[in-house]
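Input: a single structure, listed below in structure tokens.
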Amino acid sequence: MLDITKLCIFLLVVSTVAAFGVGYVNSMTAPVIHKQAEQAKVNSFREVYPQGDEVKDETAKYLKKDSSPLLKEVNMAYKGGAPAGVIYTVEPKGFSGPITILAGFDIASRKLTAIKVLNQTETPGLGAKAKDPLFQDQYKGKGTETDLEVSKTPPTKDNQIQAITASTITSKAVTSGINAAREHFAGNFK
Amino acid sequence: MSLLNEFTKGIIKENPLFRLVLGTCPALAITTSVDNGLGMGAAFTAVLLGSNIVISAMRKIIPDSIRIPVYIVIIAAFVTMIDLLMHAFSPDLYKALGIFIPLIVVNCIIIGRAEAFANRNSVVPSIFDALGMGVGFTLALVLMCTFREVLGAGTFLGVRLFPETKAAIMMILPPGGFVTFGCILGFLNKLQAKNA
């Protein structure tokens with residue numbers, strides 16, 4: 001009985017010292033990590049909507065209970081104090097998990113500026129190609145009046161996106177996310 | 001002389017990856033580019049150095065019956081610290097190594113050295129043991145990375161050697177890891193058989 005108490009206390013002491021060590025390193029690195037995450041976010045906002053000079057999170061203002069569940073965040077890009085673009089974070093369900101995508105819209109021209117796949121867990125070599133420029137760049141400059149469609153053959157109409165070969169589910173998932181953002185954009189920013 | 005021995009044995013005679021065949025899981029997974037190999041080797045060496053020092057310093061007071069849980073706590077603490085430091089100060093590498101940093105906790109080389117060496121030797125030889133094993137593991141990783149990156153991507157440390165279309169992409173995919181590992185092991189075994 002005495003022996004086991006001794007062992008417990010020893011392990012407890014070792015764990016406590018280790019916990020303090022980890023806690024100290026965490027308090028040292030947490031601000032740096034947080035700053036990097038913020039910076040990475042700002043950089044990816046720039047990629048989908050380059051014109052703005054300030055981006056504000058206005059999710060609470062624009063996302064209501066009846067908004068599409070695919071929409072996660074709404075960020076407004078301001079230029080000279082006036083709203084110029086909208087950057088949506090959408091999260092459709094892909095072939096093997098959620099795909100997080102940023103989509104930028106320009107208010108003046110009413111067009112998609114660009115999309116960027118932030119996080120995905122699709123099959124490498126197939127669905128993971130969604131993050132390649134070859135696929136993503138198809139969305140650049142698309143109109144916002146009608147829903148985008150996925151086509152397995154080279155697109156013939158302006159609202160068509162060519163699917164990634166052998167990854168129709170991923171292609172459709174990305175497009176459904178963009179469509180949810182498009183619909184919200186068309187309805188809220190006139 | 002014996003300290004030098006502790007250091008050099010990890011590089012060739014008892015190379016953890018090619019001679020002891022430990023830590024093969026991360027070695028197969030991350031050896032797709034040379035900078036990954038260097039980063040993983042550095043993180044691994046830092047953890048091994050820390051755990052070897054602490055465990056050898058405490059070897060007389062750690063009760064024998066619970067030594068494994070104590071080792072795991074110590075190793076896990078070091079890994080978490082390295083994980084946080086890399087996340088903060090070298091985010092690109094952190095992203096590339098991904099899950100394999102936390103998995104250093106269960107890397108059998110580290111617990112193996114704790115049990116086989118640090119537990120029985122004082123601090124100074126343990127430091128040399130850790131450095132030798134660390135350098136040996138890093139060199140082994142870099143060797144595998146060199147083959148795979150050059151053949152699979154046509155680059156070395158990101159510098160292009162020949163056009164991508166001529167590269168055999170299989171070499172940076174999982175099968176390439178097994179092929180490279182098997183070839184190197186086979187070659188070393190043959191070399192050893194000749195010497196014996």
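Every chain is numbered from 1 and lettered A, B, ... according to where its sequence line falls, protein lines coming before strand lines. The figures here come from the full heavy-atom set of this structure, side chains too, leaving out hydrogens, waters and symmetry mates.
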*Determine whether the side chains of A/Asn179 and A/Ser176 contain a donor N or O and an acceptor N or O closer than 3.5 Å.*
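Per modelled atom types, A/Asn179 and A/Ser176 side chains form no pair under 3.5 Å.
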
*Scan side-chain atoms only and decide if B/Arg148 and B/Thr32 contain a donor-acceptor pair under the 3.5 Å cut-off.*
no

*Against chain A, label B/Ile74 side chain, backbone, both or neither, depending on which of its atoms sit under 4.5 Å from a heavy atom there.*
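Contact with chain A involves the side chain of B/Ile74 alone.
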
*Proximal to chain B - members of residues 33-48 of chain A, heavy-atom separation under 4.5 Å*: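 Interface residues of residues 33-48 of chain A: A/Ile33, A/Gln36.
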
_Other residues, nucleotides, ligands: >12 heavy atoms within 6.0 Å of A/Tyr62 OH_ = yes

*Taking every heavy-atom pair that is under 4.5 Å apart, which of B/Asp83, B/Val73, B/Leu173 has the most such pairs with chain A?*
B/Val73

*Residue, of A/Asn26, A/Leu7, A/Val14, A/Val32, that accumulates the most heavy atom pairs under 4.5 Å with chain B*: A/Leu7

*Does a salt bridge link A/Arg182 with A/Glu145, judged by any charged N lying under 4.0 Å from a carboxylate O?*
no

_Could you check whether A/Asp137 pairs with A/Lys140 (Lys NZ or Arg NE/NH1/NH2 to Asp/Glu carboxylate O, under 4.0 Å)?_
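Between A/Lys140 and A/Asp137 there is a salt bridge, with a charged N closer than 4.0 Å to a carboxylate O.
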
_Within one Ile-Leu-Val-Met-Phe-Trp-Tyr cluster: B/Val142 and B/Leu22, side-chain cutoff 4.5 Å_ = no

*Indicate yes or no: at least one non-hydrogen side-chain atom of A/Val117 is less than 4.5 angstrom from one of A/Gln136.*
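Yes, their side chains come closer than 4.5 Å.
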
